[in-house]
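I have placed the structure first, in the form of structure tokens, so that the comments after it can refer back to it.
Being a predicted model, the structure only gives us computed values, none of them experimental. The basis for the numbers below is simple: all heavy atoms, side chains too, and nothing from hydrogens, waters or symmetry mates.
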Number of protein chains: 2
Amino acid sequence: MESRRPTASPTPSAPVGASLRIGDVARLVGTTPRTIRYYEEIGLLAEAPARPSGQHRIYTHSEVERLREVMRLRDLLGVSLEELKTLLAAEEARAEVREQLRREDVDPRRRRELLAEALGHVERQLELVRHRADELAKLEDELSETRKRVRRKIREADASAAGEFPPALERTGEPQQ
Amino acid sequence: MESRRPTASPTPSAPVGASLRIGDVARLVGTTPRTIRYYEEIGLLAEAPARPSGQHRIYTHSEVERLREVMRLRDLLGVSLEELKTLLAAEEARAEVREQLRREDVDPRRRRELLAEALGHVERQLELVRHRADELAKLEDELSETRKRVRRKIREADASAAGEFPPALERTGEPQQ
DNA sequence: AGCTAAATTGACGTGAACGTAAGGATCACA
DNA sequence: TGTGATCCTTACGTTCACGTCAATTTAGCT
């Protein structure tokens with residue numbers, strides 16, 4: 001009914017768990033193949049490397065994670081995909097830095113440059129996130145306040161009602177979790 | 001250059017500060033007349049009452065506040081204007097409740113109903129806001145962590161550089177705010 | 001080799017949230 | 001009473017972020 005796939009290990013020597021196709025990835029992260037292709041199209045996701053155009057795209061788990069992060073930021077930051085792309089330059093820079101760190105043969109000045117650049121990106125992103133987080137926190141407080149007031153009024157209404165006639169079917173004093 | 005408007009008080013008996021036109025409102029809240037008309041069109045904003053269609057829209061400061069709130073929620077909640085409309089039913093309900101409170105001749109059971117309804121709306125909104133606030137807080141923490149790590153690496157890089165040759169033009173130990 | 005599910009590119013379609021242009025009416029002031 | 005700025009409605013245009021359809025190919029099984 002729904003089989004016919006490299007069930008577990010096609011060749012046990014392959015990098016464990018590789019061989020995800022676009023449909024699998026879409027299901028994993030909760031989106032559609034079209035969206036993934038679109039993100040690749042506009043440069044939000046790197047195109048699968050060394051794929052003889054026309055062949056199926058193959059994804060690794062780290063690419064799935066990247067996509068997850070992209071979607072998370074998309075949902076939380078409320079910026080356009082274009083802005084998001086520039087924001088994500090941070091991650092790319094940091095990835096490059098990590099790359100450079102592994103091979104230790106890098107010019108220290110160049111390395112510092114990369115690090116400083118990465119720091120700038122992270123800070124811009126942080127600023128944006130902080131601002132939104134603050135605003136949301138304010139809103140949350142206001143709503144809590146409102147809720148408190150409404151609840152109090154309900155209690156008052158119930159109390160005065162109980163004074164006029166004894167509590168019948170309407171139970172007084174709700175769950176109060 | 002930019003005069004020709006009821007500068008301060010057309011008739012000192014009028015409700016203070018009324019007589020805002022759509023362009024004024026737009027400037028005040030930082031949007032365009034088109035957007036305001038659009039919001040009225042889709043029912044996000046009530047249409048100016050008793051306006052002989054074809055006449056200019058007139059706004060009061062409370063309507064400006066309402067618009068501010070709408071835009072704030074639009075920016076913060078990340079929901080469609082349609083969803084936002086239903087969310088704002090809360091405010092309308094609460095407004096109705098306040099209305100009913102002023103005239104005290106309301107059936108207490110009806111009043112309780114209204115209050116309960118308002119509470120429900122506020123709680124749904126609060127839930128939504130809390131969830132987003134939490135997610136954003138997580139993201140903020142992660143970014144702070146990242147920044148810390150990057151900064152440490154920069155310090156390390158600077159230190160090792162200082163060890164190899166004495167600090168020249170590059171100043172060590174940045175502002176550190 | 002053959003079958004079928006899923007993938008490929010290309011193109012056009014769509015809903016949301018406005019922008020923009022046209023032609024005319026209104027408003028505050030002189 | 002005129003005049004220029006602003007506003008009115010109507011309607012078509014636009015951008016973003018995908019959806020959908022079609023005609024082919026590819027991949028995994030048997």
Side-chain angles (χ1 to χ4, degrees), chain A residues 1-11 14 18-45 47-48 50-59 63 67 70-75 77-86, chain B residues 1-11 14 18-45 47-48 50-59 63 67 70-71 73-75 77-87:
Chain A
M1 283 283 168
E2 200 224 53
S3 49
R4 194 153 29 263
R5 292 290 294 297
T7 322
S9 52
T11 50
S19 159
L20 291 165
R21 305 196 310 190
I22 201 170
D24 307 322
V25 176
R27 264 186 300 278
L28 281 175
V29 306
T31 184
T32 72
R34 168 61 175 153
T35 295
I36 300 179
R37 289 197 203 98
Y38 178 63
Y39 286 1
E40 179 184 320
E41 187 184 327
I42 65 172
L44 246 186
L45 301 176
E47 46 197 298
R51 175 180 65 102
S53 175
Q55 224 94 318
H56 293 186
R57 290 169 179 81
I58 299 295
Y59 297 89
E63 275 154 286
L67 177 52
V70 166
M71 292 176 64
R72 183 186 178 206
L73 294 179
R74 175 197 68 182
D75 291 339
L77 297 189
V79 301
S80 74
L81 296 184
E82 202 55 36
E83 297 173 81
L84 189 52
K85 208 168 82 180
T86 76
Chain B
M1 279 279 173
E2 202 224 53
S3 50
R4 195 156 26 263
R5 293 290 293 296
T7 323
S9 52
T11 52
S19 159
L20 292 165
R21 305 197 310 190
I22 200 168
D24 307 321
V25 176
R27 264 186 300 277
L28 281 174
V29 307
T31 182
T32 74
R34 167 62 176 150
T35 295
I36 300 180
R37 289 196 204 99
Y38 177 62
Y39 285 3
E40 179 185 320
E41 186 184 328
I42 64 172
L44 245 185
L45 300 175
E47 44 196 300
R51 176 180 64 102
S53 175
Q55 223 93 319
H56 292 184
R57 291 172 179 79
I58 299 295
Y59 297 89
E63 276 153 285
L67 177 53
V70 165
M71 292 176 64
L73 294 180
R74 176 197 67 181
D75 291 339
L77 298 190
V79 301
S80 75
L81 296 185
E82 202 56 35
E83 298 174 79
L84 188 52
K85 210 169 79 182
T86 77
L87 278 182

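- Between the axis at the start and the axis at the end of the helix from C/dA1-D/dT30 to C/dA30-D/dT1 there is an angle of 20°, using five pairs per end and rounding to 10 degrees.
- Remark: A/T86 engages A/R124 in a side-chain contact (heavy atoms from CB on, under 4.5 Å) (not counting sequence neighbours).
- C/dA17 atom P lies 13 Å from atom CG of B/L45, rounded to whole Å.
- Counted by atom type alone, B/Y39 and B/R34 present zero donor-acceptor pairs between their side chains at under 3.5 Å.
- Regarding B/L44, its CG atom lies at a distance of 13 Å from the P atom of C/dA16, rounded to whole Å.
- Ion pair B/E40/B/R57 flagged as a salt bridge, since at least one NZ, NE, NH1 or NH2 atom sits closer than 4.0 Å to an Asp/Glu carboxylate oxygen.
- B/R57 has no side-chain polar atom (N or O) that falls below the 4.0 Å cut-off from OP1 or OP2 of D/dC7.
- Atom OH in B/Y59 sits about 11 Å away from atom C1' in D/dC8, given to the nearest Å.
- C/dA28 atom P lies 7 Å from atom CD1 of B/I58, rounded to whole Å.
- For C/dT26, the OP1/OP2 oxygens have no side-chain nitrogen or oxygen of B/R51 closer than 4.0 Å.
- The stretch residues 29-39 of chain A touches DNA chain D through A/T32, A/R34, A/T35, A/Y38, A/Y39, each having a heavy atom within less than 4.0 Å of the strand.
- Using a 4.0 Å heavy-atom cutoff across all strands shown, B/L81 reaches sugar-phosphate atoms only and no base atom.
- Between A/R21 atom CZ and D/dC29 atom C1' there is a gap of 12 Å when expressed in whole angstrom units.
- The distance between atom CD of A/E82 and atom C1' of D/dT15, rounded to the nearest whole Å, is 12 Å.
- Here D/dC18 presents its C1' atom at 10 Å from CD of A/E41, a figure rounded to the nearest Å.
- B/I22 has its CD1 atom 14 Å from the P atom of C/dC27, to the nearest Å.
- Looking only at distances, a side-chain donor or acceptor of A/D24 sits under 3.5 Å from a matching main-chain atom of A/R21.
- Taking only side-chain nitrogens and oxygens, B/R74 never comes nearer than 4.0 Å to OP1 or OP2 of C/dA16.
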